[in-house]
Amino acid sequence: MTELQTSRLKLRPARPSDLAALHAVLSDGQAMRFWSTPPHQHIETTSAWLRDMISAPPATSHDFVVEHRGVVIGKAGFYQLPEIGFILHPDYWGQGLAREALQAVIASVFATYPIPQIIADVDPRNAGSLAVLTRLGFMETGRAERTLLVGDTWCDSIYLGLSRPQP
């Protein structure tokens, strides 16, 4: 997998040395509020997550660590195609960095894989992620209740899709 460069970000494959920086994101309660798992209490949980990210087969994964000014601030991409996922440390929210990272990975995935559409599953309470995805052209395709049990809380889903651009 190649690196992607934007005006402010470098997106690159994950490596074992990213553990501490990714644990800072994945253990943060605010960052993980709408994620599919509770915040990581132990670095071993993040280590297993990182190993899975590194070893994910390229045929089904197109996932990147996001660096800003040389600091790992999160991840963006596709752990399991065609579903997009992203998370940034809250210190980097509100600066357009998630949108910038997603623009790069969306262009890259459509250039690399013959998928007709990208999908996203977003908690309806996650207004920030919904706004970013909507600005990128994602359209709502459906809703469902009680789709994911995170800790002891049931979460609902808004499903979104982004079709491959027409030539």
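Each residue takes its place number in the sequence, starting with 1.
Heavy-atom minimum distance, Leu130 versus Pro124: CD1-O, 3.7 Å. Across all non-hydrogen atoms, the minimal contact from Ser129 to Val122 is CB-CG1, 4.2 Å. Closest approach of Pro90 and Gln30 over heavy atoms only: CB-OE1, 3.7 Å. Of all heavy-atom pairs spanning Arg12 and Asp18, the tightest one is NH2-OD1, 2.5 Å.
Linking ILVMFWY side-chain heavy atoms closer than 4.5 Å, directly or via other members, places Ile115 and Leu162 in a single hydrophobic cluster. Transitive grouping of hydrophobic side chains (ILVMFWY, heavy atoms separated by less than 4.5 Å) keeps Ile158 and Ile119 in distinct clusters. If you chain together hydrophobic residues whose side chains sit under 4.5 Å apart, Val150 and Tyr159 never meet in one group. By the rule that hydrophobic residues join a cluster once side-chain heavy atoms approach within less than 4.5 Å of another member, Leu11 and Leu22 end up as members of separate clusters. Phe64 and Leu26 are not part of a single hydrophobic cluster, where members link through side-chain heavy atoms under 4.5 Å apart.
With hydrogens and angles ignored, the 3.5 Å screen pairs a side-chain donor or acceptor of Trp93 with a backbone N or O of Leu88. No donor-acceptor pair under 3.5 Å is formed between the side chain of Thr6 and the backbone N or O of Ala104. With hydrogens and angles ignored, the 3.5 Å screen pairs a side-chain donor or acceptor of Ser61 with a backbone N or O of Phe78. With hydrogens and angles ignored, the 3.5 Å screen pairs a side-chain donor or acceptor of His68 with a backbone N or O of Arg8.
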After noting the C-alpha distance and the side-chain angles of Glu3 and Arg15, does the key distance pass the salt bridge (charged side-chain N to carboxylate O under 4.0 Å, His left out) rule? CA-CA 13 Å; Glu3 287 187 358; Arg15 51 187 178 232; 5.3 Å; no

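For Asp28, there are no salt bridge (Lys or Arg N to Asp or Glu O under 4.0 Å) partners at least two apart in sequence or on another chain.
Contact check for Asp123 versus Trp35: no side-chain heavy atoms found under the 4.5 Å cut-off. The shortest distance between side-chain heavy atoms of Phe138 and Ile118 falls below 4.5 Å. At least one side-chain heavy atom of Gln103 sits under 4.5 Å from a side-chain heavy atom of Leu136. Met139 has its side chain out of reach of Leu160: every pair of non-hydrogen atoms, C-beta onward, lies at least 4.5 Å apart. No side-chain heavy atom of Gln117 sits less than 4.5 Å from a side-chain heavy atom of Phe110. With contacts defined as side-chain heavy-atom distances shorter than 4.5 Å, the pair Val132/Arg135 qualifies. Side chains of Val66 and Val72 form no contact here, defined as non-hydrogen atoms less than 4.5 Å apart. Taking 4.5 Å as the limit, every side-chain heavy atom of Thr112 sits out of range of all side-chain heavy atoms of Val109.
Note that the OG atom of Ser27 and the NE2 atom of His42 stand 11.5 Å from one another [nearest 0.5 Å]. Atom CG of residue Asp52 and atom CD1 of residue Ile54 lie 9.5 Å apart, to the nearest 0.5 angstrom. Put simply, CG on Asp63 and CE on Met53 are 4.0 Å apart, with the number rounded to the nearest 0.5 Å. Distance OG/Ser157 to CG/Asn126: 11.5 Å, rounded to 0.5 Å. To the nearest 0.5 Å, the span separating CZ on Phe34 from CZ on Arg125 amounts to 5.0 Å. A distance of 10.0 Å separates SG in Cys155 from CZ in Arg33, rounded to the nearest 0.5 Å.
When only modelled atom types and interatomic distance are considered, Ser47 and Arg51 share a side-chain donor-acceptor pair under 3.5 Å. Looking only at atom types and distance, the side chain of His40 has no donor-acceptor partner in the side chain of Thr45 under 3.5 Å away.
Of the residues listed (Leu97, Val25, Leu9), the one engaging Tyr92 in a side-chain contact (heavy atoms from CB on, under 4.5 Å) is Leu97, and it is the only one.
The aromatic rings of His62 and Tyr113 sit perpendicular to each other, their planes meeting at more than 60°, with 30° as the lower class boundary.
Comment: Asp156 does not engage Arg143 in a salt bridge, judged by the lack of any side-chain N to carboxylate O separation of less than 4.0 angstrom.
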